[in-house]
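Below is one structure, written out as structure tokens; the observations come after it.
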Amino acid sequence: MTSEVSNILPENGKAPKTFKSTVGIALSCLGAAVGTGNIWRYPRIVANNTGDDGALAFLLVWLLFLFTWSIPLLLVEYGTGRYTRTAAIVSFRKMIGPKSMWCGAFIGFVSFAIASYYAVICGWCAYYFIYYIANPLPENLEASKELFRFFSEDTLFPVLLQAIVIAFGGVCVFAGVRSIEPAMMIMVPVLLVIMLSSFIYALTLPSASVGISHLFTMDWEVFASPNTWIDALTQNAWDTGAAQGILLVYATYLGREHGVVRYGTVIPSINNLLSLLMAITLFATVFSTQIARDPTMTVQTILTSFTFNGPANTGLTFIWIPLLYSTLSIGRGITVIFFFCLFLAGFSSQVSLIEASCHQLVDMKMPRKFAVPSICILMFLLGLGSSLNVHFLVNQDFVWGSAIVLSGSMILYLVLGFGVSKFRRDIINNFGDGSDWYLPRIWEWIMWGLIPIQVVGLLIWWIVTRVRDTENVWYKFEEQSLMSALVQWVISIMLLVLLNFLYLRYADKILPRMYIVTGSSMFTVSGSVGDAQNDCHLELETLDIGENSTSQRNGLPGSSKQEN
């Protein structure tokens, strides 16, 4: 098969670092996606969006967005990362021009902001793991709630543990893929075994069927709430890592032989299956525990208990999991293992988030030995408010979790600017060695039609509904108010646009030449796709991104050989 594809090689001309094995790729990408979002965030989001009669409506909307939002955008991230070998900022510059660098920066900042408070949650997991090694499980719901409240609100342990998590995460990403892959090869299998074991045990609990039945029962009124759709979309993106730029960075370590369509489809599907298993585990646990305490308790009373687990239900997992195992003779040991699992899940994702931010700076010519500590220090400072005040954490989770919708619109803009058909043809289908799954044309229809409708429609619906809400005044700066989100989004975007302008205008006047991102190398490769060693004609086009940028051709004389 003869084809013509485009390739952008690293500017230093060196062969890029790649994963050593297919298993390493799968586990690393799965580790980036599977985290406390599956075990901690997803069950509480389901609980927050369940109706009086059941939660099936939310589950269906959440599943819909897997195929109409997360997977299509993840294919863009995987394809872009493998193609450009750079993170979001420089990928936007290479593919649609230097004035769009702020879009990539916004994607990076959203994941950076999430990582800042995510480290706090990882610290919670570490605390519970250590605490239950030395202390008995709570005897009742009130004792479990008090433990969570005291630790999260009245001590400084969250600050200390947040710092430790970020520091160790920085150590793991210091050497890039060479240190990330072996860490994930250990953490992710252990995590999966413990998650599945907890799920199986929860199914054996008395009255577990009541909670599971409610989880899969339809309440049609849930469809009418815009929060259902916004929460389902953002949670699905959170679950899979879509529109956060994390897997775009991991894809920079992929070669032509690695199937981005396979990874971009199978990994998020497995990830969402794990989230669903954790929701079943928590619903089975809560219903079984409550009915055991009071057999006359109604479903509505049990549902009410879901909403009193710390601010915005943040303590759901931390309060109920110890109760799940409290009746077993070996319950404390199992609880310790579970929270160790939860910590591994969170830490594996934290490593990915730190790497995504560091990679941005490395692309901007900052040495990794400076990029890693810089990111870790800034991440700690931004997350300090969340470790000191759980209500601030709730605000950050609301603001930047919802901002994933905006990040998705940035990725959509990248594809539209580059050309949807061209992206599918040159970046996905024709760029590999021929072993990947074929990306069908329906993906183009989703990018042209469904995703723009989702972005515009859901944001407008969400804003209008919050403005009309008479109980929660939209213009007050509260934990989950519309004004709080809009102000933080607008300020962030304005600053990034300004920095983009200043960089393009003054970087070459202020910074040494070695620290300036000067241009992209566009290679046109003609040859047999799938042949590992072909004679290829290389034509180099260098794009100047200075103030008066023009396209100029600095041809490479003759031809050379390159691995396909």
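Everything quoted here is computed from the prediction, not taken from an experiment. Atoms considered below: every heavy atom in the structure, side chains included; atoms not considered: hydrogens, waters and symmetry mates. All residue numbers refer to positions in the sequence shown, counting from 1.
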Subject >> Backbone of Ile463 reached by a side-chain donor or acceptor of Arg468 within 3.5 Å >> reply: no
Quiz item: So, the side chain of Asn500 versus the backbone of Trp102: is there a donor-acceptor pair under 3.5 Å, distance only?
Solution: yes
Has the side chain of Gln350 got a donor or acceptor atom that lies under 3.5 Å from a matching backbone atom of Ala119? yes
Heavy-atom closest pair (Ser198 atom, Thr281 atom, distance to 0.1 Å) is O-CG2, 3.9 Å
Taking the side chain as everything from C-beta on, heavy atoms only, tell me whether Met101 gets closer than 4.5 Å to Tyr503. yes
Check your understanding: Would a 4.5 Å heavy-atom cut-off, applied to side chains only, mark Leu247 and Thr240 as touching?
Key -> no
Notebook entry, point to check: When the ring planes of Phe318 and Trp124 are compared, do they come out parallel, tilted or perpendicular, using 30° and 60° as the limits?
Noted result: perpendicular
May I ask you to check whether Trp400 and Phe109 place their ring centers less than 6.0 Å from one another?
yes
Item to complete: May I ask you to test the Gln244-Leu353 pair for a side-chain heavy-atom distance under 4.5 Å?
Response: yes
TODO: Please confirm whether the backbone N or O of Ala242 pairs with a side-chain atom of Ser70, one donor and one acceptor, at under 3.5 Å?
DONE: no
Main chain of Val46, side chain of Thr50: is a donor-acceptor contact present, judged purely on distance under 3.5 Å? no
Checklist line | Over 12 non-hydrogen atoms of neighbours within 6.0 angstrom of CZ in Phe223 | finding: yes
Quick check: do Leu233 and Val61 have side-chain heavy atoms less than 4.5 Å from each other? no
Side-chain donor or acceptor of Ser349 paired with backbone N/O of Gly346 under 3.5 Å: no
With a 6.0 Å cut-off on the ring centroids, do Phe343 and Phe129 count as close?
no
One should read off an interatomic distance between Cys172 SG and Ile354 CD1, to the nearest 0.5 angstrom, of 8.5 Å
Next on the checklist: Between Gln235 and Phe65, does the side chain to side chain contact (heavy atoms under 4.5 Å, CB included) criterion hold? Intermediate values first, please.
Outcome noted: CA-CA 9 Å; Gln235 179 58 40; Phe65 283 128; over 6 Å; no
Flag if over 12 foreign heavy atoms under 6.0 Å of CZ, Phe199: yes
Open item on the list: Determine whether Ile114 and Ile404 satisfy the following criterion, side chain to side chain contact (heavy atoms under 4.5 Å, CB included), listing intermediate values before the conclusion.
Closed with: CA-CA 10 Å; Ile114 290 173; Ile404 292 176; 4.2 Å; yes
**Asked** Should the pair Glu146-Arg149 be classified as a salt bridge under the 4.0 Å nitrogen-to-oxygen rule?
**Response** yes
| query | Counting only N and O atoms by type, is there a donor-acceptor contact under 3.5 Å from the side chain of Ser144 to the main-chain atoms of Leu141? | reply | no
Next item on the list: Could you tell me whether the side chain of Pro268 reaches within less than 4.5 Å of the side chain of Leu66, counting heavy atoms only?
Entry: yes
- Message: Measuring only between side-chain heavy atoms, which start at C-beta, is Tyr78 closer than 4.5 Å to Arg82?
- Response: no
Item to complete: Let me see the working for Ser116 and Gln396 under side chain to side chain donor-acceptor pair (under 3.5 Å), right down to the final yes or no.
Response: CA-CA 9 Å; Ser116 298; Gln396 293 298 283; over 6 Å; no
Heavy-atom closest pair (Ala88 atom, Leu248 atom, distance to 0.1 Å) is N-CD2, 3.9 Å
Quick one: does any side-chain atom of Glu77 pair with a main-chain N or O of Ala243 as donor and acceptor, under 3.5 Å? yes
For Gly408 and Trp69, the nearest pair of non-hydrogen atoms, with its separation, is CA-CZ2, 3.7 Å
On a heavy-atom basis, the closest approach of Arg368 and Val173 is NH1-O, 2.6 Å
Aromatic rings Trp238 and Tyr118: how do their planes relate, parallel, tilted or perpendicular, breaks at 30° and 60°?
tilted
Run the side chain to side chain donor-acceptor pair (under 3.5 Å) test on Asn49 and Asn227 for me, step by step, so that the C-alpha distance in whole Å, both residues' side-chain angles and the decisive distance to 0.1 Å come before the verdict.
CA-CA 8 Å; Asn49 288 277; Asn227 286 336; over 6 Å; no
Next on the checklist: For Tyr413 and Phe92, take the angle between the two ring planes, folded into 0 to 90°, and tell me which bin it lands in: parallel under 30, tilted 30 to 60, perpendicular over 60.
Outcome noted: parallel
Legend entry - Audit row: Thr252, Thr86, side chain to side chain contact (heavy atoms under 4.5 Å, CB included) steps and yes/no: CA-CA 6 Å; Thr252 65; Thr86 56; 5.5 Å; no
Would you check, one step at a time, whether the test side chain to side chain contact (heavy atoms under 4.5 Å, CB included) holds for Ile166 with Ile377? CA-CA 8 Å; Ile166 292 176; Ile377 291 172; over 6 Å; no
**Study point:** Greater than 12 external heavy atoms within 6.0 Å of Met483's CE
**Key:** yes
* Do the ring planes of Tyr128 and Phe151 sit parallel (below 30°), tilted (30 to 60°) or perpendicular (above 60°)? -> perpendicular
When you look at OH of Tyr201, are more than 12 heavy atoms from neighbouring residues, nucleotides or ligands closer to it than 6.0 Å? yes
- prompt: Okay, side chain of Gln488, backbone of Ser484: is any donor-acceptor separation there less than 3.5 Å?
  reply: yes
Q.
Could you go through Asp239 and Trp62, starting from their C-alpha distance and side-chain angles, then the distance that decides it, and tell me whether this counts as side chain to side chain donor-acceptor pair (under 3.5 Å)?
A. CA-CA 10 Å; Asp239 277 349; Trp62 171 76; 3.2 Å; yes
Would a distance-only check, ignoring hydrogens and angles, find a side-chain to backbone donor-acceptor pair under 3.5 Å from Asn48 to Arg44? yes
